[in-house]
Structure formats: C-alpha cells, structure tokens
Number of protein chains: 2
Amino acid sequence: MKTREKIIAAAIELFNEQGTKAATTNHIAAAAGISPGNLYYHFRNKEDIIRAIFEQMDAYGLEQYQLIVNEVRPGTVESMERTFRMIQEYNWRYRFFKRELTALIMGDPLLRELFQRTHRNLLLLVRQSNEFAVSMGVLKPMSENEMALFSEEFWLLALFWLNYLEVGGEEVNDETLQRGIDLLRNTIKPRLTDEALIELAKRARGPASPG
Amino acid sequence: MKTREKIIAAAIELFNEQGTKAATTNHIAAAAGISPGNLYYHFRNKEDIIRAIFEQMDAYGLEQYQLIVNEVRPGTVESMERTFRMIQEYNWRYRFFKRELTALIMGDPLLRELFQRTHRNLLLLVRQSNEFAVSMGVLKPMSENEMALFSEEFWLLALFWLNYLEVGGEEVNDETLQRGIDLLRNTIKPRLTDEALIELAKRARGPASPG
DNA sequence: GTCTATAAGCGGATAGAC
DNA sequence: GTCTATCCGCTTATAGAC
C-alpha cells in the first residue's frame, strides 16, 4: 500500500470515528504510521485529504452501481431495493462525509462543486431508472410532476436513512437497514402495477427462479 | 436583552453562518458585544452554549406546535401540512443544529440524551396524529406495521427536507418549501379516504368556508 | 520520500482588577 | 457582571537533514 493510500485509509477511519475536527493531521499521520511532515509531502492540508476521499467515494459508488446493473434486471423492484441497500452500505463506509456534509461543502467551494455535480447526476439516474420501470410495466404510469416528486422522495430516503437512524440513536445493522427497505417498499407499493405486485408476492415466498 | 441571551442570539447567528467549528468563543463574544472573559462568566464552554440553544429550540418547537393545534383541526390534511411547514421554519431558524447534528451529539453525551428524548417524543406525536387522522376518517385504516412505517416516513421527510435542499445547493425559499409539501402530499395521497380527497379538492379551488 | 524539529498562530479557558 | 491580560496546549504547516 502506497503512503498516499495509507493516509487516505487512516483518515477515513478516524473521520468516521471522531469527526473531521477531532481527527487532526497529526493523528492521521500517526494512524497511518508516518510522520506529520510526510503527510504534508503528500497532501497540502486536511481539505486536500477530504477531497481525495471524495474522489475515491465517487469512483466506488459508480463501481457498485455498475455491479447492480450487471446482476439484476433494471427497472424491477429488486433492482430498486438493491440500489437502496447499496447506497446505505456506501453511506456507512464514508459516514463522516454525510454527517458533516453541509459543514464540509460550506467551507470548501471546490468540494461543493464536485459533490453537487454527483448529487444531480444520481438524482437523474434514479429518475431514469423509475421511468424505465414504468416502461417495463412495473410502476404504474404517472404524470411528469408525480415522477419528479416520486424520484426525489426515493432519493431523499436513500440519502438520509442512515442519518435518520444515527440521530435517533439506533444502531445500524441488518434489522434497521431492513426497516429502511420496508419503508421504501411501503412508499412504492401503491404505485406498483398489478403484475408487479404478483411478482413481488412470488418473490416473498421463495427466491425466484431465473427467467 | 440580558447578556446571556445576547450570547445565545449571537451564537445562533454565527453557528448558522459559519458552523460551530469556525465560530469560536472569541467570535461569539465579539458578535455579542462583550469580552471573551465575560462569555465564560455566563457559560462554562462552547458545549454549554449549544446545550442552552437546544433548550431554547425545544421550548420554541413545542410552542409552535401548540399554535397549530389551537388554530387548525387536528387529524386533517391541513394540519399535517401546517406541521410540516412549521418544522421547516424551525429547522431553518436553527439550521446549524440539524446540519451538524450527528457530530454534535457524538461529542456531547448529555446533549445526545436531551435530543433523543425529544426526537422520540416527536415521532410518537406524529404517529398519534396519524392515528387520530384514521379515526377521523381522513386516512384509510392501516395495519400497525404500516402505520409505524408511514409515520416514520413523514417524520424523516420533515426532518431532512431542509438538509436535502441544502446539500443539493438549492435555496430555501417558498418555492422549494412548497415542493417539500408537494412531495409529502404525493406520499399521503394514496392513503387518503375518498371523503378526504373530495375535501382536499375543495380546498384547492378556494380557501374553504369554515364548518 | 521520509524523518525530526520547530515556528507561528489560534482557540479555550482562567485570574484578578474594577 | 464585566473587563483586560495572559497562559496553556494544541494544530497546522514549514525547513532542512538524511
């Protein structure tokens, strides 16, 4: 592992545990097993580290999304649930970032630009995915406006479910994650077509046979 | 205005503008028009100030909620929308708090206790309000589980709509606030009884006549 | 690339006069 | 209650040797 990567890995861990304020560059250097001076050879300052982490996040998220697209048929309920679950895992992995998001992007215009670009793209992706689900006969047709609101709701729930658990003092585990999915399902349900509902019921009884 | 109140007012403003990290006790004292030493006469430290702000928030929120209960009939769609709008106004007034919530309660166990108690109570309030709406024939009856999920969803949307706007780089104004309400409505709609839908349509045409 | 040493500055917090 | 003065400790960041 290269020094630069060691720094990033140590920083992610410390930021997640203590927040970006408490985790000083000295702490990060110590955790990475290098000297403070060396850290400054690789990064100009803390913000620079955070930006590097964001770039890693971004790439990781895209990669994970591709995995889903390759594995399950897009536009299905299963694909929506897998996406939701993936986003939670992603948010957990970089949980300091979402926790401190507003503060971070308030203090670093460059980071803000990067983040919001990704944010917009992902909302668009969610929406296209939903539109595809309509065309597949999984979701009932809806107006332009309804589609926009529904997509935004899905995206908001996915973004903040982890935060919601955290601020409520609930542990993040399989059970609470599943509740997020149940909540999502509860929202989607009235919008599913009859065929999709039947398919869903089948899947609930036992893992579906392929095809 | 008493010095203690001046400090709190200045702190809220600076925290909202710059975050709790950038706003040092020295800055707060300067903004309040007093000396740093004097600030420490009234508060033991920064955390102490934040806790005092939280207590003010709590009282303010309860007061605002009472106003709604007194003005509009509980268990109606209008009451839900008013509540949502109130929460947004509240979240905006103390926006630093929600922005940095997880970080703040991670660093101050006492504050965590205070916050989570309120958090739980409010979720309960939302749920009771929804149950009342069912008993009033506004919401369709639903299972225990569905009621829990639906209430949690309402509460999550109310909690995070402002954050959602902020991280997306959207201004907080009447239009974006209204979108939050539209989103909420979109979620509630399939759960409304036929009578409630008729009532809603009436209200949309013109402000309803009383009774 | 990596280290040690250290400068420079800031924020938190207290003492003591008024 | 309020001020001024000040101290301590820590963090960031750099310089210069290896």
Side-chain angles (χ1 to χ4, degrees), chain A residues 1-56 96-97 99-100 102-111, chain B residues 1-56 96-97 99-100 103-112:
Chain A
M1 208 183 194
K2 285 219 172 77
T3 300
R4 194 186 147 89
E5 289 161 5
K6 277 196 288 190
I7 295 170
I8 290 180
I12 292 173
E13 198 175 333
L14 289 181
F15 288 164
N16 279 340
E17 278 167 19
Q18 319 172 351
T20 57
K21 182 189 168 182
T24 70
T25 49
N26 280 5
H27 294 152
I28 296 169
I34 61 164
S35 68
N38 195 5
L39 183 144
Y40 280 92
Y41 174 81
H42 291 277
F43 294 95
R44 289 181 57 218
N45 50 40
K46 222 198 238 181
E47 284 186 354
D48 200 23
I49 298 177
I50 293 173
R51 273 194 296 270
I53 294 175
F54 177 76
E55 278 159 26
Q56 181 190 305
F96 83 92
F97 194 83
R99 279 176 189 156
E100 304 181 31
T102 320
L104 291 175
I105 64 185
M106 265 172 73
D108 184 350
L110 194 52
L111 183 65
Chain B
M1 209 180 193
K2 286 218 169 78
T3 301
R4 194 187 150 88
E5 288 160 5
K6 276 197 289 190
I7 295 170
I8 290 180
I12 292 173
E13 198 176 333
L14 288 181
F15 288 164
N16 279 339
E17 276 167 20
Q18 320 173 350
T20 57
K21 183 188 168 183
T24 70
T25 49
N26 280 5
H27 293 152
I28 295 168
I34 61 163
S35 69
N38 196 6
L39 184 144
Y40 279 92
Y41 173 80
H42 291 278
F43 294 96
R44 289 182 57 215
N45 51 41
K46 221 200 237 181
E47 285 186 352
D48 200 22
I49 299 177
I50 293 174
R51 273 194 297 268
I53 294 176
F54 176 76
E55 278 158 25
Q56 180 188 308
F96 83 91
F97 194 84
R99 279 177 189 153
E100 304 182 30
L104 291 177
I105 64 184
M106 264 172 73
D108 183 351
L110 194 52
L111 182 66
R112 182 166 77 224

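Every chain is numbered from 1 and lettered A, B, ... according to where its sequence line falls, protein lines coming before strand lines.
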Between D:dA5 atom C1' and B:Y40 atom OH, what is the distance in whole Å? 16 Å
Whole-Å distance between C:dT2 P and A:K2 NZ? 11 Å
Taking only side-chain N and O atoms of A:T3, does any of them lie within less than 4.0 angstrom of OP1 or OP2 on C:dG1? no
Specify the separation, in whole Å, of atom CG of A:N26 and atom C1' of C:dA8. 14 Å
Grab the CE-P distance between B:M1 and D:dG1 for me, whole Å please. 16 Å
For A:D48 and D:dT14, give me the distance from atom CG to atom P, rounded to whole Å. 12 Å
State, with a plain yes or no, whether a side-chain heavy atom of B:F54 is found less than 4.5 Å away from one of B:L110. no
Can you tell me which nucleotide in C:dC3, D:dT4, D:dT11 comes closest to the side chain of B:S35? D:dT4
Tell me which nucleotide among D:dA13, C:dG11, C:dT2 gets nearest to the side chain of B:H27. C:dG11
Given C:dT2, D:dT12, D:dT2, the nucleotide with the shortest approach to the side chain of A:Y41: C:dT2
Whole-Å distance, A:N45 CG to D:dA13 P, equals 5 Å
Rounding to an integer number of Å, can you tell me how far B:F43 CZ sits from D:dT2 C1'? 15 Å
Looking at C:dG1, I'd like to know if its phosphate oxygens (OP1 or OP2) sit under 4.0 Å from a side-chain N or O belonging to A:N38. no
Using heavy atoms to find the nearest nucleotide of DNA chain D for A:T24 and B:I34 separately, return the residue whose nucleotide is more 5′. B:I34
Criterion side chain to side chain contact (heavy atoms under 4.5 Å, CB included) on B:D108 and B:R112, from CA distance to verdict: CA-CA 6 Å; B:D108 183 351; B:R112 182 166 77 224; over 6 Å; no
Kindly indicate whether the side chain of A:I12, heavy atoms from C-beta on, has any atom under 4.5 Å from the side chain of A:F97. no
Side-chain heavy-atom pair A:I53, A:F96 within 4.5 angstrom cut-off: yes
Could you check whether any side-chain heavy atom of B:I50 comes within less than 4.5 Å of a side-chain heavy atom of B:F15, counting everything from C-beta outward? yes
Please report, rounded to the nearest Å, how far the P atom of C:dG11 is from the CG atom of B:L14. 13 Å
